[in-house]
Amino acid sequence: MSPLENAVLEKVHLPSGVTRLNPQRKALLQKLGPLVGLVAICIGLAFMSPDFLTIGNVMDVARQVSINAMIAFGMTLVILLGGIDLSVGSILAVSSVLMAMLLHAGHSSVLAVAVGILAGAFMGWVNGIVIAPGKVAPFIATLATMTLLRGVALVLSQGSPISDFSSDFFSMLGGGYFLTLIPVPVVSMLVVFALFWFVLKKTVFGRHVYATGGNAEAARLSGVKTDRVQILVYTLSGIMAAIAGVILTSRLNSAQPTAGAGYELDAIAAVVLGGTSLAGGRGWIFGTLVGALLIGVLNNGLNLLGVSAFYQQVIKGAVILLAVLLDRSDK
Amino acid sequence: MSPLENAVLEKVHLPSGVTRLNPQRKALLQKLGPLVGLVAICIGLAFMSPDFLTIGNVMDVARQVSINAMIAFGMTLVILLGGIDLSVGSILAVSSVLMAMLLHAGHSSVLAVAVGILAGAFMGWVNGIVIAPGKVAPFIATLATMTLLRGVALVLSQGSPISDFSSDFFSMLGGGYFLTLIPVPVVSMLVVFALFWFVLKKTVFGRHVYATGGNAEAARLSGVKTDRVQILVYTLSGIMAAIAGVILTSRLNSAQPTAGAGYELDAIAAVVLGGTSLAGGRGWIFGTLVGALLIGVLNNGLNLLGVSAFYQQVIKGAVILLAVLLDRSDK
Amino acid sequence: RQGPDTRGDSTSAQPTIGLSISTLNNPFFVSLRDGAEAEAKAKGIKLITVDAQDDPAKQIAGVEDLIQKRIKVLLINPTDSDAVANVVKEAEAAGINVISLDRRVNGAEVSAHVGSDNATGGKMAAEFLLEKIADKGNVVELEGTPGSSAARERGKGFDSVIDGQPDVKVIARQPADFDRVKGLSVMENILQRNKNVQGVFAQNDEMALGAIRAIEEDGLKNVVVVGFDATADGVAAVKAGKLAGTVQQKPELIGKMGVDAAQLLIDGKPVDKEIPVPLALITQ
Amino acid sequence: MQVAMKGISKAFGPVKVLEGVDFSIVGGEIHALMGENGAGKSTLMKILSGVYTPDAGSIVVDGKPTAMRSTTDAESHGIAIIHQELNLIPQLSVMENLFLGREPQRFGVLDSKRMRVEAAIWLNKVGGSQIDTAREAGTLSIGQQQLVEIARSLSLNAQVLIMDEPTAALTDKEIDTLFQIMADLRSHGIAIVYVSHRMEEMFRICDKVSVLRDGHFVGERMVRETNFDEIVKLMIGRELQQRFPAREVEPGAVRFKVEDLADENKISHIHFEVRAGELLGVAGLMGSGRSEILRTLFGLRKKTSGQVRLDGATLDLRNPTDAIAAGIGFVTEDRKSQGLVLGMSVRENATLVHLSEYARAGIVNSQAENEAVHQLISELHIHTRDSELEVKSLSGGNQQKVVFAKWLAKPPKVLLLDEPTRGVDVGGKAEIYQIMNRLAASGTAIVMVSSELPEVLAMSDRILVMNEGRQAAIFSAKTTTQQQIMTAASGGL
Ligand SMILES: Nc1ncnc2c1ncn2[C@@H]1O[C@H](COP(=O)(O)OP(=O)(O)OP(=O)(O)O)[C@@H](O)[C@H]1O
Ligand SMILES: Nc1ncnc2c1ncn2[C@@H]1O[C@H](COP(=O)(O)OP(=O)(O)OP(=O)(O)O)[C@@H](O)[C@H]1O
Ligand SMILES: [Mg+2]
Ligand SMILES: [Mg+2]
């Protein structure tokens, strides 16, 4: 302990029943675990591959991460509630197909994006309704909507991709650069990150999310409208999936009805690697950003090192396992 | 009831404030919800398709269901603990590839099956170790092993199927008939069902599974070795995945490194449709059988009715959603 | 970026090329990769393979990673023809020549395309099936994963021939997701409805092998099953007389010829824009 | 049998919870273990029963040093414990809970018939004959669950029985039964360790008392030879000023009026009014529907008839948010599951109800929030070093004060209290009474349900007595007696 700490602690006279270790400090240290892991992996990769720490590669990784990070930000709130959202990939696909259909029908890209995001919000809202007032377990509710909405994406698009949108604005959203250096999706990701950070840290709504996830009954008895909080969170998750869909569609210049399959697992992995507890009530959005970066860097590094595809899965699984074993403060 | 029991119970007079509705009765009614749903769907299909209620088709459905049902039986115990096992599909693949390799190397089918099942047990045991003493959340632990073991299956098989085992015994396990009518996998499924039913209902281990899922801390204080219970349950889940792998491998006469992908979701859906609560502590194995049959009948019906590919997913998702909305006793 | 790599990369003596493959969860593409790797080894070229796991976004990420590795030539096997145009342009902007394998790239120029066409394969399968069933009878089509490009293209080619036939009726088109177990279950279910089936087209061999099981178990004779991909198991089934035929796209050859074309580009020699790898129909 | 714990020390991380504690018991005595919240009583008992292993010290059973590595270990030495926290598995039936961990079996198969019969017998013994052995434990009231736990511990046929606050959720009738059982066990040579914050009980039933303060053993007395003040002084290290501080302000006008309240099945015909600054106590037997009245008034249960008026205006309460908006606060009987978000900090819990008071446009003004929290902490004497501490790391009494703090950020017009001092030590109780008095003085109308009759008698202005879901009587606290209340509560008058 530092002298300063000792001095502080000495003055405080502890009542019986209070732990002596500064809990904020302990929590912070624990929270920074994933960041330490990320930095360690980055240093390792920088030594192993000279291509890793180049501006170009760093920007690439950041852009590659942006889609997963967007979904994972929404998923963080869902998981903070103790819930889960398996339908994000399908929501992404439906939104993406809808946007592409509108663009092809000659509508403006602003309209298309707006409708896509609204559609995402609506699908998330339906999840929320089924889960909160409907009292269906989130896992099974979103498993059902995942299947259902994948079907909707296929029906809408007749199973074929919808491609080529000759809109500069739209193609900028996924492929453009800010100040000719930072990819637009990376900027969007950082803006959304800041927003979510603010919401969770500074707003009444954020507090209610933590309270509902920590103890829904106590929150309800304290006047928190827990159903409304849940509906809003699933709606947000839908919106984030749709935004990820905008980036993907723009970047691919194509809407794929099969897009987003399996993205829910990547997003959940990012959230959990970032230290948010699947039991709800405990976690932070910064961890999610770190978790998403961790996964992205891992994918990038394995490619740069030329690790063969089959071994990549073995290594990825092992790294995730290791990371959570090292950081299993709470189950 | 014995006279002694009656004598004791007669003295018991109900105070006001205790609900008079026999709770066991109420619970039973609720439990039978999925069965009613299954019967309703069957009647509907029988009207819509004359081919549905034929012996041949019923046997086919039962056989098709057997693989998912086997995995779902193991998953039921996992979910009763409040856990989840996403790795079953990958365990199935690894076991299947191992068996095929042994068969190709000229070993007897008994040895191959034994090694396959032992391997499944081992992989499940590792899950249990990571989850119980390792205190990692089951979702993320098995997500990691799912990825890792899929990689192992691909590495072992070099990514290609291993086919053609000229063993009569082995091919009987998936393709044979009992009394020339009932497919062997269906018989195996029913035997395993009876075993699981007995274990959950009548043995101490079964009680301890419910107790651990209901309140692990309280169970531990009552002398239940909760870690051991958990490890055993995940091991059982691995064994069941491997047995499903035996049936699959035998039936296809081929081991596929990509086999079993997505099976975890089918199994979980079967368990939850059967009325077992994802929160743990509450559920039964009969429900799981019904849930698996529900999914199997649905798939079969959609094929019989010739529903187009895209709409199949919409309908499946909608039916699952409907079923859980009608039967959401507990969240 | 042309010219020798001077950064002292350990392998700077060897030229490096990249292969971005749609998925290695399918034996067909595993063979394609194997063909490419064998040829690269023979030629002393360093080949880095990245797997897109059938996800266009993952494919873009993988290609970007390859660009960072300063590869000379990119061999790309698109997850989807439309979805990779942007990243192909990116690679080209970085001075990398791009060769598409098996599937074409829509919306961007590539230096060469090596492959054979799924739709043509579908047509071949249809024509062969018609011949075998003498232009009449009931036909079942087992479709691949809904929405996937192989399912779309093979189906399109097949349907374009079959749909015009007056005496041929497609009694079922059902998805079995390129999966052997599903091929088996779906075929079982279809046969419960109608056992009067003369021909089956499965959009890959895996489903065909599953379907054959179902047909055998039902004791049906003389059902003509045609598959696609000519995988090892598929070819064995043809030899055994169970599978009437399978369309061969020669994945190893596609991989090999892709590397050959890459070598030409590295050496600054001209390459043909179209390098067709002939389709073949494997029959007994 | 004789069990001695010598020089026991235990720390959780850097926190020393017990330091060199000696404690011994012999067969045939009931030995009280007293101490403030967080003094280490439960920890000491968990060490004795094999839940924790001590860092230092030894346990000597009948002269032989013995290691208690697990609960099963302890049970094999004849030591059984009823834990302070309820430890039933809610989804299992009563009988399955009774025999959990030692199920009767034949050839590996559960002997459910024997379980049922024996469970009924044991429940009968503890006065729980009305409890259906096949019922899911989670559907029982807290008091009934406590009876099941007592039955369970008796069925272990232990030589040493540890009871960690077994009466916290029981009312006098059940406590009488329990004390009869305890006396009976004592006469059979069994040693009982009795932990409770209810001082009257200790004097009624115990032979000896040991006191812990701050993890240290501070003394042992024969109950016959000591008195209330001495024990309290040992516990808190100073004299307690007033056990039940008096209210000075007279009640004002009628503030809260309930007419003919009824719900679907539990309660009916409830009429009462509470004046500003008045405290209405609610007494009754376990399961008499006291909690239901409060839950219905807070909008948690549907009422089927009746009117609720606050300051003359009729209220329509459909959910807690409505009730809070109308100015009603509710301190629930189970602070862990309903009162607090245990993983959140003291600050976050304290401001949960009225967070929007410190927010504009949904954005929280941290400075205003912190100021309010610090004021609450000092006003309520919440012992916490830091408002950022997780509330679960506080002692029981302090946790309960945080529950009060939730409602006091904006003083409520009506405050509903359900067992407000359950599990709180004498000192903490006195402080909570002071908080109640201060609120009353500021005009709040208080309705307090409590199973501790001395508390009800001392703190209330009037007392409503419940019997089987109906209102049996309303007495003036000044003129009534414990006897009178008990008679009314059991249906006699
Ligand atoms: N598992 C644990 N980890 C960390 N600290 C603990 C743990 N269990 C108890 N403590 C701390 O140890 C101290 C003593 O707790 P204990 O439960 O023994 O008190 P108690 O005397 O039983 O109090 P009460 O009267 O409130 O029941 C408290 O400060 C408590 O916070
Ligand atoms: N969750 C529940 N499900 C079914 N019955 C319940 C439930 N909770 C309580 N009860 C029953 O309702 C009755 C009233 O319980 P309640 O706890 O409200 O009584 P009370 O008078 O407040 O007594 P106490 O608070 O001492 O338990 C009891 O008989 C109990 O069995
Ligand atoms: Mg205690
Ligand atoms: Mg109560």
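Residue numbers begin at 1 in each chain, while the letters A, B, ... track the order of the sequences. Just so you know, these numbers use all the heavy atoms, side chains as well, and skip hydrogens, waters and symmetry mates.
Across all their heavy atoms, C/Ala83 and A/Ser254 have their closest contact at CA-CB, 4.1 Å. Scanning both residues, A/Leu304 and C/Gln68, for their nearest heavy atoms gives CD2-CB, 4.1 Å.
A 6.0 Å sphere centred on CD1 of A/Ile55 holds no more than 12 heavy atoms belonging to other residues, nucleotides or ligands. The number of heavy atoms from other shown groups lying within 6.0 Å of NZ (C/Lys123) does not exceed 12. Within a 6.0 Å sphere centred on OH of A/Tyr177, other residues, nucleotides and ligands contribute more than 12 heavy atoms.
Using a 4.5 Å cut-off between heavy atoms, A/Ser160 touches chain C through backbone and side chain atoms alike. Proximity to chain A (any heavy atom under 4.5 Å) is shown, for C/Asp65, by both the backbone and the side chain. Residue C/Gln59: no heavy atom, backbone or side chain, is found under 4.5 Å from chain A. A/Arg63 touches chain C through its side chain: at least one heavy atom from C-beta onward sits under 4.5 Å away, while N, CA, C and O do not. Residue contact with chain C, scored on non-hydrogen atoms closer than 4.5 Å, involves the side chain of A/Leu248 exclusively. Proximity to chain C is absent for every atom of A/Asn68, based on heavy atoms less than 4.5 angstrom apart. Of the two parts of C/Val88, neither the backbone nor the side chain holds a non-hydrogen atom closer than 4.5 Å to a non-hydrogen atom of chain A. For C/Ala85, no part lies under 4.5 angstrom from a heavy atom of chain A. For a residue to count as touching a neighbouring chain, one of its non-hydrogen atoms must lie under 4.5 Å from one of that chain's; by this rule A/Phe52 does not touch chain C.
The shortest distance between side-chain heavy atoms of A/Gln313 and C/Gln53 falls below 4.5 Å.
When each of A/Asn300, A/Asn253, A/Val61, A/Leu154 is scored by its heavy-atom pairs under 4.5 Å with chain C, the top score falls to A/Asn300. The candidate with the highest count of non-hydrogen atom pairs below 4.5 Å against chain A, out of C/Leu24, C/Asn25, C/Ile48, is C/Leu24. Heavy-atom pairs under 4.5 Å with chain A peak, among C/Asp80, C/Thr145, C/Asp51, at C/Asp80. Counting heavy-atom pairs closer than 4.5 Å to chain A, the top-ranked of the candidates C/Leu66, C/Asp82, C/Val50 is C/Asp82.
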